[in-house]
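For clarity, every value in this text was computed on a predicted model and none was experimentally measured. Residue numbers start at 1 and run along the sequence shown.
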Amino acid sequence: METTCLGQEKIWFDKWRFDDAERQFYEQQNGPVTVCSSSQTTTAAAPLPAPSATTCVTISTSAPAADYSGLIERVANLELENHSLRQVIEDLRQVVSKLENRITAVEKCPVSSQPDPVPAPAPAPVPKSKPTATANGHPAEEDDDIDLFGSDDEDEESEKLKEERLRQYAEKKAKKPTLIAKSSILLDVKPWDDETDMAKMEECVRSIQMDGLVWGTSKLVPVGYGIKKLQIQCVVEDDKVGTDELEEEIIKFEDYVQSMDIAAFNKI
C-alpha cells in the first residue's frame, strides 16, 4: 500500500545528476567551483555525494565573461563613419575655398565698359518746293508757297481713309460669329403628395416657352413614402433667361408644384 502511494508521488530522485551537470557547465564557463559542507571543503573536481538533509552545497558563480566582440565591431563602424565624415567635411572646405577665390577674382576685375549707344539716324532733308510761275511769267515769291493752316485736300483724303478703315473693321466684325453664353440646369420639381399627377405636372413645366430656353430629358426620382419628384434638364442662354424668372414661371402651377430646386448648374 505504501509502495503504491510512493509510486504515484512525483519525487525528483535523480536531482543530484542535474546539479552535477549544471556544476560542470559553470566550471567550463567560469573556472572551478568551490563546494562547502558542514564537515569539509573540497574542489569541484571531486565527485559530489548524493544530496542529504545535513549537507549544504554552496555554488558561487559569477556572471558570464563579457563578450566584447559586439562592442569592438561597433567601435570599428564608428571609426569608419568618422573617417567618411572627415572626408566629406574636407571636400566641402575645398569647394568653399574655390568659391571664395572666384568671388574675389570677380570683385577685383574692372567693370566692362558699356557699348557706345548707336547714334540716331539724321532726319531726311525736306525737299524745297520749286517756285511756281505767275501769270506774267515771273516766279512767285517763297512766302506764297508756305501753307500755315494745312491743305484742305489732305484733310479730305485722311477722312476718306479713316472712313474706309472703319467700314472694313465693321464688316470684319460682322462676319465673326459672336459667342453666346449658355448654361445647363438640372431642376428638381417637387409635388404636393403621392396623389399628384406627375405626367400632368411635367406637361405644365414643358409648356413654359421662353426665348433662349430649351427643355431636355426628364425622369421621376423617388423621394420617400411613395412620393416622386420630377427631375428635368434644360439649357438656357444667360443673357435671355434667368433662374429666378424660370422658377417663378414653374411655381405658378400651384395645383401640381410645391417647390422647385436647382440640383445642378453648369456653364457650357
**Request:** In plain terms, say whether E27 and R23 are close enough for a salt bridge, that is, a side-chain N and a carboxylate O under 4.0 Å apart.
**Result:** yes
**Complete:** When D261, I250, V205 are each screened for side-chain contact (heavy atoms from CB on, under 4.5 Å) with L187, the one that passes is I250
**Item:** Flag for S218-Q231: side-chain donor and acceptor within less than 3.5 Å
**Value:** no
**Asked** Is there a donor-acceptor contact under 3.5 Å from the side chain of W215 to the main chain of V235?
**Response** no
**Request:** Please determine if E163 and R167 form a salt bridge, counting it only when a charged side-chain N lies under 4.0 Å from a carboxylate O.
**Result:** no
**Message:** For I262 versus F265, what's the shortest heavy-atom pair and its separation?
**Reply:** CG2-CB, 4.3 Å
**Test applied, salt bridge (charged side-chain N to carboxylate O under 4.0 Å, His left out); reference residue, D188; option that passes from K229, K219, K228** = K229
**Item:** Atom pair CD/CG of E202 and D197 - distance to nearest 0.5 Å
**Value:** 10.5 Å
**Prompt:** How many angstroms lie between CD1 in I208 and CD in E248, if you round to the nearest 0.5 Å?
**Reply:** 11.0 Å
**Prompt:** Would you call E157-K160 a salt bridge at under 4.0 Å N-O?
**Reply:** no
**Request:** Please name the pair of heavy atoms, one in L213 and one in C234, separated by the smallest distance, quoted to 0.1 Å.
**Result:** CD1-CB, 4.0 Å
**Prompt:** Is a side-chain N or O of S97 found less than 3.5 angstrom from the main chain of Q94, in a donor-acceptor match?
**Reply:** no
**Asked** Is there side-chain contact between E73 and V75, with at least one heavy-atom pair below 4.5 Å?
**Response** no
**Prompt:** Using a distance-only test with no angle check, is there a side-chain donor-acceptor pair under 3.5 angstrom linking N101 and T104?
**Reply:** no
**Prompt:** Out of curiosity, I232 CD1 to L220 CG, how far, rounded to the nearest 0.5 Å?
**Reply:** 10.5 Å
**Request:** Kindly compute the distance separating CG (N266) from OG (S184), expressed to the nearest 0.5 Å.
**Result:** 6.0 Å
**Prompt:** Can you check whether M201's main-chain N or O pairs, donor with acceptor, with R206's side chain at less than 3.5 Å?
**Reply:** no
**Request:** State plainly whether the residues E90 and R86 are in salt-bridge range, i.e. N to O under 4.0 Å.
**Result:** no
**Asked** Should P191 and V257 count as side-chain neighbours, where that means a heavy-atom distance under 4.5 Å?
**Response** no
**Request:** Check the surroundings of atom NZ in K98: do more than 12 heavy atoms from other residues, nucleotides or ligands lie under 6.0 Å from it?
**Result:** no
**Message:** With a 3.5 Å distance limit and no angle check, can you tell me whether N82 reaches the backbone of L85 through a side-chain donor-acceptor pair?
**Reply:** no
**Prompt:** Cluster question for you: counting only ILVMFWY and a side-chain heavy-atom cut-off of under 4.5 Å, with indirect links fine, are L230 and I227 together?
**Reply:** no
**Item:** Pair S183, D238: side-chain N/O donor-acceptor within cut-off below 3.5 Å
**Value:** yes
**Fill in**
Taken to the nearest 0.5 Å, the spacing of Q87 CD from D91 CG works out to 5.0 Å
**Distance in Å, K240 NZ paired with M210 CE, rounded so as to fall on 0.5 Å steps** = 11.5 Å
**Fill in**
Minimal heavy-atom distance between S207 and F253, with the atoms involved, is OG-CZ, 3.7 Å
**Message:** Checking side-chain polar atoms at under 3.5 Å, does Q168 have a donor or acceptor matched by the opposite partner on E164?
**Reply:** yes
